There are 2 protein chains.
Amino acid sequence: MSEELSIDGLSEDLKKKGIHPSYHRLKILEYLMQNKTHPTADMIYKELSKEIPPLSKTTVYNSLKLFLKRGIIQELTIEEKEVRYDADTRPHAHFKCTECGNVIDMAIEPPTLNPERVVEGHKVTECHLYLKGVCKNCLKNPKK
Amino acid sequence: MSEELSIDGLSEDLKKKGIHPSYHRLKILEYLMQNKTHPTADMIYKELSKEIPPLSKTTVYNSLKLFLKRGIIQELTIEEKEVRYDADTRPHAHFKCTECGNVIDMAIEPPTLNPERVVEGHKVTECHLYLKGVCKNCLKNPKK
DNA sequence: ATTCTTGCAAATCATTTGCACTTTA
DNA sequence: TAAAGTGCAAATGATTTGCAAGAAT
């Protein structure tokens with residue numbers, strides 16, 4: 001893809017965060033950056049398995065957990081029993097379509113999602129805005 | 001929803017929603033309305049069990065699911081593996097303290113959380129704003 | 001050689017399900 | 001007596017853990 005998504009670039013990103021850029025880790029992060037579908041661990045595993053047969057789900061979980069701890073991805077819990085991951089850690093909202101199940105990004109009025117502020121005396125460090133409804137596409141093409 | 005918490009009032013609320021106001025259901029809803037701590041199903045079960053020995057967790061799950069379907073409570077998925085319930089269905093934000101683990105309500109600038117609107121062509125019907133950080137209380141009394 | 005990475009298999013744990021018992025109308 | 005409510009026990013399924021084998025430096 002583009003140069004910012006080159007394996008070399010990703011490799012550098014990981015090194016900067018103190019993560020050894022192993023092949024599996026690079027592929028998992030690359031997948032997350034190229035697929036803005038906010039996949040679950042299972043989706044990532046299923047897709048990458050086609051390409052990388054010797055890949056275990058444990059490694060996917062291990063890698064995601066590591067990326068999360070180092071702040072290079074974020075976890076979305078828009079729905080119970082469906083933890084999704086997003087390589088874009090900039091503040092933005094997420095919309096889940098109840099028809100097609102897709103989760104899409106949404107630009108949202110900044111003040112709301114600005115982290116690192118104090119509200120009512122509480123120190124806020126993280127913000128998630130989750131919207132649900134029917135997406136543009138499903139509104140146009142109703143199922144059934 | 002009635003403002004007072006009389007059993008009679010709750011009973012009427014349930015009937016209006018087409019839910020038979022059984023003893024267990026009334027106690028579960030009453031607990032949710034009196035305890036603004038956004039408890040999990042397990043917390044509700046553990047607490048109510050003290051009072052109502054013949055109560056099974058299945059009944060708690062059944063009742064919560066039913067209330068949810070009829071729109072008299074809402075589900076909070078601020079954290080994975082910790083689905084919480086809130087009897088207040090008006091738009092408001094939720095803050096989870098990473099120190100004490102408590103989830104507290106927060107009044108939030110209305111436009112952000114107004115449901116039933118169209119954003120970027122998508123029909124929004126539900127909004128959740130989840131904040132994380134350290135609460136006022138834990139800032140004052142740091143642990144250890 | 002030691003440390004890091006990977007991965008199988010078993011453990012965990014919240015939630016769901018099947019079904020039988022009990023209560024209510 | 002049919003329908004609704006309840007609850008035990010088993011099933012489910014995503015995630016975690018323990019540990020051993022393989023890879024990297």
Side-chain angles (χ1 to χ4, degrees), chain A residues 7 10-11 14-15 17-32 38-70 72-85 101 103, chain B residues 7 10-11 14-15 17-32 38-70 72-85 101 103:
Chain A
I7 289 293
L10 289 188
S11 192
L14 287 181
K15 278 183 197 156
K17 296 285 182 170
I19 299 175
H20 178 76
S22 74
Y23 179 66
H24 286 171
R25 288 174 182 164
L26 281 170
K27 293 305 270 183
I28 291 168
L29 184 55
E30 186 194 42
Y31 184 84
L32 262 180
H38 317 86
T40 62
D42 192 65
M43 292 171 189
I44 297 170
Y45 170 71
K46 287 214 172 72
E47 283 307 306
L48 285 184
S49 286
K50 297 174 186 167
E51 233 189 294
I52 314 164
L55 173 69
S56 82
K57 205 179 271 192
T58 305
T59 296
V60 175
Y61 279 114
N62 285 342
S63 303
L64 291 173
K65 191 129 290 184
L66 184 59
F67 295 164
L68 202 60
K69 206 191 320 182
R70 300 299 164 83
I72 66 179
I73 64 172
Q74 66 171 322
E75 205 171 51
L76 309 181
T77 56
I78 190 169
E79 205 94 77
E80 186 219 343
K81 301 224 163 182
E82 196 187 75
V83 181
R84 288 162 170 268
Y85 295 90
V103 173
Chain B
I7 288 292
L10 289 189
S11 191
L14 288 181
K15 279 185 196 158
K17 296 284 184 171
I19 298 174
H20 178 76
S22 74
Y23 179 66
H24 286 171
R25 287 174 182 164
L26 282 171
K27 292 305 268 183
I28 292 168
L29 184 55
E30 186 194 41
Y31 184 84
L32 263 180
H38 318 88
T40 63
D42 193 65
M43 291 170 189
I44 297 169
Y45 170 71
K46 286 214 172 72
E47 282 307 306
L48 285 184
S49 285
K50 297 175 187 167
E51 233 189 294
I52 314 165
L55 173 69
S56 82
K57 206 179 269 192
T58 305
T59 295
V60 175
Y61 278 113
N62 285 342
S63 303
L64 290 173
K65 191 129 289 183
L66 184 59
F67 295 164
L68 202 61
K69 205 191 322 181
R70 301 298 164 82
I72 66 178
I73 64 172
Q74 65 171 323
E75 205 172 51
L76 309 181
T77 56
I78 192 169
E79 204 94 77
E80 186 219 342
K81 302 223 163 184
E82 196 185 76
V83 182
R84 287 163 171 268
Y85 296 90
V103 173

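Chain letters run A, B, ... following the sequence lines, proteins first, then strands; residues in each count from 1. This structure is a prediction, so every number in the text was calculated from the model and none was measured.
Thr58(B) comes within contact range of at least one nucleobase, with a heavy-atom separation under 4.0 Å. Counting non-hydrogen atoms under 4.0 angstrom, Glu80(A) reaches the backbone sugars and phosphates but no base.
Proximity of Lys57(A) to the phosphate of dT6(C): no side-chain N or O atom is located under 4.0 Å from OP1 or OP2. For dT6(C), one of the phosphate oxygens OP1 or OP2 lies less than 4.0 angstrom from a side-chain nitrogen or oxygen of His24(A). Look at Arg25(A) and you'll find a side-chain N or O under 4.0 angstrom from OP1 or OP2 of dT6(C). Contact annotation: Ser56(A) side-chain N/O to dT6(C) OP1/OP2 distance is not under 4.0 Å. The phosphate of dT15(C) (OP1 or OP2) has a side-chain N or O of Tyr61(B) nearer than 4.0 angstrom.
Following rounding to the nearest Å, Leu64(A) (CG) and dT5(C) (P) show an atom-to-atom distance of 15 Å. Taking atom CG on Asp42(B) and atom P on dT15(C), their separation rounds to 8 Å, with Å as the unit. Note: CG (Asn62(B)) to C1' (dG18(C)) measures 12 Å, nearest angstrom. Atom pair Tyr45(A):OH and dC8(C):C1' shows a separation of 11 Å (rounding to whole Å applied). His20(A) has its NE2 atom 11 Å from the P atom of dC4(C), to the nearest Å. The NZ-C1' distance, from Lys69(B) to dT16(C), rounds to 14 Å in whole Å. Met43(B) has its CE atom 11 Å from the P atom of dA14(C), to the nearest Å. Atom CZ of Arg84(B) and atom P of dA14(C) are 13 Å apart (whole Å).
For the atom pair CG (Asp42(A)) and CD (Glu82(A)), the distance works out to 11.0 Å, reported to the nearest 0.5 Å. Between the CD atom of Gln74(B) and the CZ atom of Phe67(B) there is a distance of 15.0 Å, given to the nearest 0.5 Å. Separating the OH atom in Tyr31(A) from the CE atom in Met43(A) is a distance of 8.5 Å, to the nearest 0.5 Å. If you take CD1 on Ile28(B) and CD1 on Ile44(B), they are separated by 7.0 Å, rounding to the nearest 0.5 Å.
Of all nucleotides in DNA chain D, those with any atom nearer than 4.0 Å to a heavy atom of chain B start and finish, going 5' to 3', at dG5(D) to dT15(D).
Taking every heavy atom of both residues into account, Leu64(A) and Ala41(A) meet most closely at CD1-CB, 3.8 Å. Considering every non-hydrogen atom in both Glu80(B) and Thr77(A), the closest pair reads N-CG2, 3.7 Å.
DNA chain D is contacted by both Pro54(B) and Val83(A); Pro54(B) maps to the nucleotide lying nearer its 5′ end (nearest heavy atom per residue).
Side-chain N/O atoms of Glu75(A) and Tyr85(A) include a donor and acceptor closer than 3.5 Å.
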